[in-house]
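Everything numeric here is computed off the predicted structure, so don't read it as measured data.
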Amino acid sequence: MFLPPPPPWLEQLLSTTFFTICESHIDAPRNECNMYCLDCTDQAFCFYCKQSSHKDHQVIQIRRSSYHDVVRVTEIQKILDISGVQTYVINSARVLFLNERPQNQPKTNNAIVSGKSNSHLCEICRRNLLDPFRFCSLGCKLVGIKKNGNARFVLSAKKDEEIGRMHEGIARLASKEELREGIHKQVYQSTPSHVSLQVCSNSRRRKGVPHRAPYL
């Protein structure tokens with residue numbers, strides 16, 4: 001079975017240095033170079049460069065986790081087949097790492113690490129994985145494709161349809177949530193003000209002191 005090669009911009013992306021200061025916007029507040037253009041496949045650039053030079057281009061934003069570059073799954077899965085790559089939830093967003101990360105423990109071919117049994121290891125760098133994935137990062141998947149040729153980065157038509165359906169489902173859920181919130185606000189606003197005042201006054205009313213009947 002023939003598998004298409006990785007897109008030509010991928011290696012450039014993985015070798016790019018991010019989070020340097022943009023020389024064109026040194027005094028600006030958001031001047032870190034954390035953007036990458038898939039159309040230009042050049043160097044990283046900042047928020048202001050995107051507005052001026054890459055406004056209508058396909059741009060992804062790189063983020064950081066523990067001093068390592070990550071990209072959100074919702075961004076990268078639109079343009080790459082990321083199947084087989086371990087993902088993580090960081091700051092309520094699912095992300096994956098661009099490249100292999102240094103490890104404190106030596107690489108090993110068995111599943112016993114620090115006295116704990118773990119059957120999920122990256123096929124390239126042997127890093128422990130949380131789930132049964134094949135690779136710890138996009139970089140390791142690229143090495144695996146070059147080495148074995150049994151994985152792919154180019155999205156198939158079926159995969160593209162699945163991603164489209166997933167985004168449609170997310171949009172429908174968001175619309176239902178907005179509708180539910182709108183109905184709740186309407187009910188709250190339509191409640192007569194005198195009712196709320198009456199409830200408030202009743203809740204604050206104190207019981208009177210009981211009086212004993214007079215002696216006869």
If you measure from [atom1] on [X] to [atom2] on [Y], what distance do you get to the nearest 0.5 Å?
{"X": "D42", "Y": "H54", "atom1": "CG", "atom2": "NE2", "answer": "7.5 Å"}
{"X": "Q77", "Y": "L96", "atom1": "CD", "atom2": "CG", "answer": "9.5 Å"}
{"X": "L138", "Y": "D69", "atom1": "CG", "atom2": "CG", "answer": "11.0 Å"}

Side-chain contact, heavy-atom cut-off 4.5 Å: [X] with [Y]?
{"X": "L129", "Y": "L121", "result": "no"}
{"X": "F153", "Y": "S83", "result": "no"}
{"X": "L14", "Y": "L142", "result": "yes"}
{"X": "P7", "Y": "L10", "result": "yes"}
{"X": "F18", "Y": "L13", "result": "yes"}
{"X": "Q103", "Y": "R101", "result": "no"}
{"X": "C40", "Y": "H57", "result": "yes"}
{"X": "K78", "Y": "Q58", "result": "no"}

Qualifying ring-ring contact (aromatic ring centres under 6.0 Å, His included) pairs, either residue in residues 58-101, two or more places apart: Y88-F97

Could you tell me which residues satisfy ring pair (Phe, Tyr, Trp, His ring centres under 6.0 Å) with Y36, sequence neighbours excluded, listed by chain and number? none

Assess whether side-chain contact (heavy atoms from CB on, under 4.5 Å) is satisfied between V70 and I62, documenting all intermediate values. CA-CA 6 Å; V70 301; I62 305 302; over 6 Å; no

Is it the case that the side chain of [X] and the backbone of [Y] share a donor-acceptor pair, with hydrogens and angles ignored and the cut-off at 3.5 Å?
{"X": "N91", "Y": "A93", "value": "no"}
{"X": "N31", "Y": "H25", "value": "yes"}
{"X": "R127", "Y": "P102", "value": "yes"}
{"X": "K141", "Y": "C136", "value": "no"}
{"X": "N34", "Y": "R63", "value": "no"}
{"X": "T41", "Y": "L38", "value": "no"}

Is it the case that atom CD in Q61 sees more than 12 heavy atoms from other parts of the structure closer than 6.0 Å? yes

Heavy atoms from other residues, nucleotides or ligands near CD of Q51 exceed 12 (cutoff 6.0 Å): yes

R64/E32 under salt bridge (Lys or Arg N to Asp or Glu O under 4.0 Å): CA gap, chis, key distance, verdict: CA-CA 12 Å; R64 280 233 157 153; E32 56 184 8; over 6 Å; no

Given ring-ring contact (aromatic ring centres under 6.0 Å, His included), test F133 with H120 step by step and report yes or no. CA-CA 7 Å; F133 288 96; H120 310 317; 8.9 Å; no

Is the NZ or CZ atom of K50 positioned over F45's six-membered ring, under 6.0 angstrom from the centre and within 45° of the axis? no

I60 and I79: CA distance, side-chain angles, deciding distance, side-chain contact (heavy atoms from CB on, under 4.5 Å) verdict: CA-CA 10 Å; I60 59 175; I79 48 180; 4.0 Å; yes

Show, in sequence, the C-alpha distance, side-chain angles and deciding distance for L130 and Q86, and conclude whether the side-chain contact (heavy atoms from CB on, under 4.5 Å) test is met. CA-CA 8 Å; L130 301 177; Q86 173 73 64; 3.9 Å; yes

Using the side-chain contact (heavy atoms from CB on, under 4.5 Å) rule, take I21 and C33 through it: C-alpha gap first, then chi angles, then the decisive distance, then the call. CA-CA 6 Å; I21 301 301; C33 296; over 6 Å; no

Begin from the C-alpha positions of R126 and E100 and carry the test salt bridge (Lys or Arg N to Asp or Glu O under 4.0 Å) through to its verdict. CA-CA 10 Å; R126 312 306 294 171; E100 173 188 350; over 6 Å; no

